[in-house]
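Numbering starts at 1 and runs along the sequence shown.
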Amino acid sequence: MTSPEIATLSWGLMKVKGCSSSYKDCKVWPGGSRAWDWRETGTDHYPGVQPADLEEVMKKGIELLVIGRGMSEALQVPSSTLDFVKQQGIEVRVLQTQKAVAEYNKLAVQGAKVGGVFHSTC
């Protein structure tokens, strides 16, 4: 299974290729995508992304995870969260969301086993 490309990104709106839904924030992995609902884990801009936000994507057989921190990089990613990902043998890249989507799409097109979590606003 391949990772679906992010078809469009704008403030507060993301669309994934092959998916009829649109998302504010989203999770993508080889073969699928869904909304990233911060309320599920109590996530907020600070302290930021938690291991629980990433576990679902990490269980999909990925080798690399791309995290989009938002258009203005307001979403924090604690070092403890990065350590959690690395301990699972998964490479992680943290970028401003537009750069993160570009990096993710580049890897997806190359056939990499890549997953991502992306925040599309601040």
Task: F118 and Y23 aromatic centres sub-6.0 Å - done: no
Open item on the list: Taking V66 as the starting point, is it possible to reach V16 by hopping between hydrophobic residues whose side chains are less than 4.5 Å apart?
Closed with: yes
- [ ] Quick one: closest heavy-atom pair of A112 and S3, and the distance?
- [x] O-OG, 3.8 Å
- [ ] Rounded to the nearest 0.5 Å, what's the gap from CG on L75 to CG on D44? Could you check?
- [x] 9.0 Å
Open item on the list: Let me check something: do V101 and W11 share a hydrophobic cluster, defined by ILVMFWY side-chain heavy atoms less than 4.5 Å apart, either directly or through other members?
Closed with: yes
TODO: State plainly whether one hydrophobic cluster holds both I90 and V94, where clusters connect Ile, Leu, Val, Met, Phe, Trp and Tyr through side-chain heavy atoms under 4.5 angstrom apart.
DONE: yes
- [ ] Could you walk me through whether N105 and L107 pass the side-chain contact (heavy atoms from CB on, under 4.5 Å) test, one step at a time?
- [x] CA-CA 5 Å; N105 278 345; L107 293 162; over 6 Å; no
- [ ] Looking only at non-hydrogen atoms, find the nearest pair between P78 and V49 and report the distance.
- [x] CD-O, 3.2 Å
TODO: Keeping the roles fixed (side chain from K113, backbone from K60), state whether a donor-acceptor pair exists under 3.5 Å.
DONE: no
Open item on the list: Please tell me whether M71 and V28 are part of a single hydrophobic cluster in this structure, the criterion being side-chain heavy atoms less than 4.5 Å apart.
Closed with: yes
Task: Salt-bridge contact K86-E91 (side-chain N to carboxylate O under 4.0 Å) - done: no
Task: Separation between OG1 of T121 and NZ of K24, rounded to the nearest 0.5 Å - done: 4.5 Å
- [ ] Begin from the C-alpha positions of M58 and W29 and carry the test side-chain contact (heavy atoms from CB on, under 4.5 Å) through to its verdict.
- [x] CA-CA 8 Å; M58 291 170 57; W29 58 83; over 6 Å; no
Task: For the student: nearest non-hydrogen atoms of S120 and L9, plus distance - done: CB-CD1, 4.0 Å
- [ ] From the options V114, V117, V109, select the one residue that forms a side chain to side chain contact (heavy atoms under 4.5 Å, CB included) with Y104.
- [x] V114
TODO: Answer yes if L64 and V92 sit in the same cluster of Ile, Leu, Val, Met, Phe, Trp and Tyr residues linked by side chain heavy atoms under 4.5 Å apart, and no otherwise.
DONE: no
- [ ] Determine the minimum heavy-atom distance between T41 and Q50, stating which atoms define it.
- [x] O-NE2, 3.1 Å
TODO: Decide, yes or no, whether a salt bridge links R93 with E63 under the criterion of side-chain N to carboxylate O below 4.0 Å.
DONE: no
Task: Least distance between heavy atoms, M1 atom then P30 atom - done: O-CB, 3.7 Å
- [ ] Can you measure from SG (C26) to NZ (K15) and round to the nearest 0.5 angstrom?
- [x] 12.0 Å
Open item on the list: Working to the nearest 0.5 angstrom, can you tell me the gap between T97 OG1 and M14 CE?
Closed with: 7.0 Å
TODO: To the nearest 0.5 angstrom, please state how far the CD atom of Q96 sits from the OG atom of S72.
DONE: 8.0 Å
Open item on the list: Tell me the closest heavy-atom pair linking P47 and Q76, and the distance in Å.
Closed with: O-CB, 3.4 Å
- [ ] Mind telling me whether H119 and W38 have parallel, tilted or perpendicular rings, with 30° and 60° as the class edges?
- [x] tilted
Task: Point-to-point distance, once rounded to the nearest 0.5 Å, from CG of L95 to CD of E103 - done: 6.5 Å
Task: Steps toward side-chain contact (heavy atoms from CB on, under 4.5 Å) verdict (E56, R34) - done: CA-CA 11 Å; E56 176 183 16; R34 78 170 184 93; 2.8 Å; yes
